[in-house]
Chemist: 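Questions regarding the structure given below will be posed in turn.
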Amino acid sequence: LDETVAGGKCTRWGVGVEGEGSGLELRVFDGASGEELDRAHGFSAAAVRACAPSGSARAVKLELRAPAGRLDAVVGARVR
């Protein structure tokens with residue numbers, strides 16, 4: 001999932017899952033450099049956050065993985 005964080009703002013993404021899988025891993029990367037900005041692990045939910053410098057938007061990429069099995073996911077975002 002590719003997203004953009006507005007300049008001077010932070011965005012927090014939360015994911016909830018259910019299904020026959022076991023756990024989840026959620027990571028967010030800088031879209032230009034590929035640098036990992038945040039990572040979270042959980043059984044049924046996880047959240048990550050990325051911020052952009054003042055006056056400049058930041059492109060980011062979110063990656064969600066289930067270590068085993070299949071899961072259905074709901075993703076939400078909150079900008080601050």
Side-chain angles (χ1 to χ4, degrees):
L1 177 65
D2 295 319
E3 293 284 330
T4 301
V5 179
K9 301 285 184 178
C10 294
T11 301
R12 181 173 187 238
W13 293 269
V15 177
V17 297
E18 68 177 9
E20 298 177 10
S22 61
L24 71 137
E25 178 183 352
L26 178 62
R27 302 188 321 168
V28 62
F29 299 91
D30 182 275
S33 70
E35 174 188 4
E36 184 177 88
L37 304 173
D38 198 7
R39 172 192 296 222
H41 302 265
F43 179 74
S44 61
V48 292
R49 180 182 145 178
C51 298
S54 182
S56 176
R58 175 183 240 171
V60 297
K61 181 176 181 174
L62 289 132
E63 180 180 279
L64 174 63
R65 292 184 194 192
R70 180 173 178 206
L71 297 169
D72 293 318
V74 174
V75 180
R78 181 175 183 182
V79 178
R80 288 187 159 202

Chemist: Can you measure from CH2 (Trp13) to CG (Leu62) and round to the nearest 0.5 angstrom?
Modeler: 5.0 Å
Chemist: Shortest non-hydrogen contact from Val60 to Ala50?
Modeler: CG1-CB, 4.1 Å
Chemist: Would you name the heavy atoms of Leu71 and Ala66 that are closest together and state the gap between them?
Modeler: CD1-CB, 3.6 Å
Chemist: Which heavy-atom pair separates Ala47 from Ala40 by the least distance, and what is that distance?
Modeler: O-CB, 3.2 Å
Chemist: Considering residues, nucleotides and ligands other than Arg78, do more than 12 of their heavy atoms fall under 6.0 Å from its CZ?
Modeler: no
Chemist: What is the minimum heavy-atom distance between Ala52 and Ala6, and which atoms define it?
Modeler: CB-O, 3.3 Å
Chemist: Is there a side-chain contact between Glu3 and Val5 in this structure, where contact means two heavy atoms from C-beta onward sitting under 4.5 Å apart?
Modeler: no
Chemist: Is the shortest heavy-atom distance from the side chain of Arg70 to the side chain of Glu20 under 4.5 Å?
Modeler: no
Chemist: Provide the closest heavy-atom pair for Leu24 versus Ser44 in the form atom of the first, atom of the second, distance.
Modeler: CD2-C, 3.7 Å
Chemist: Is it true that Glu63 and Lys61 make a salt bridge, defined as a side-chain N closer than 4.0 Å to a carboxylate O?
Modeler: no
Chemist: Applying a strict under-4.5 Å side-chain criterion to I, L, V, M, F, W and Y, I'd like to know whether Phe29 and Leu1 cluster together.
Modeler: no
Chemist: Which heavy-atom pair separates Arg49 from Asp38 by the least distance, and what is that distance?
Modeler: N-OD2, 2.9 Å
Chemist: Does atom CZ of Arg12 have more than 12 heavy-atom neighbours from other groups under 6.0 Å away?
Modeler: no
Chemist: Without swapping roles, check the side chain of Arg58 against the backbone of Cys51 for a donor-acceptor pair under 3.5 Å.
Modeler: yes
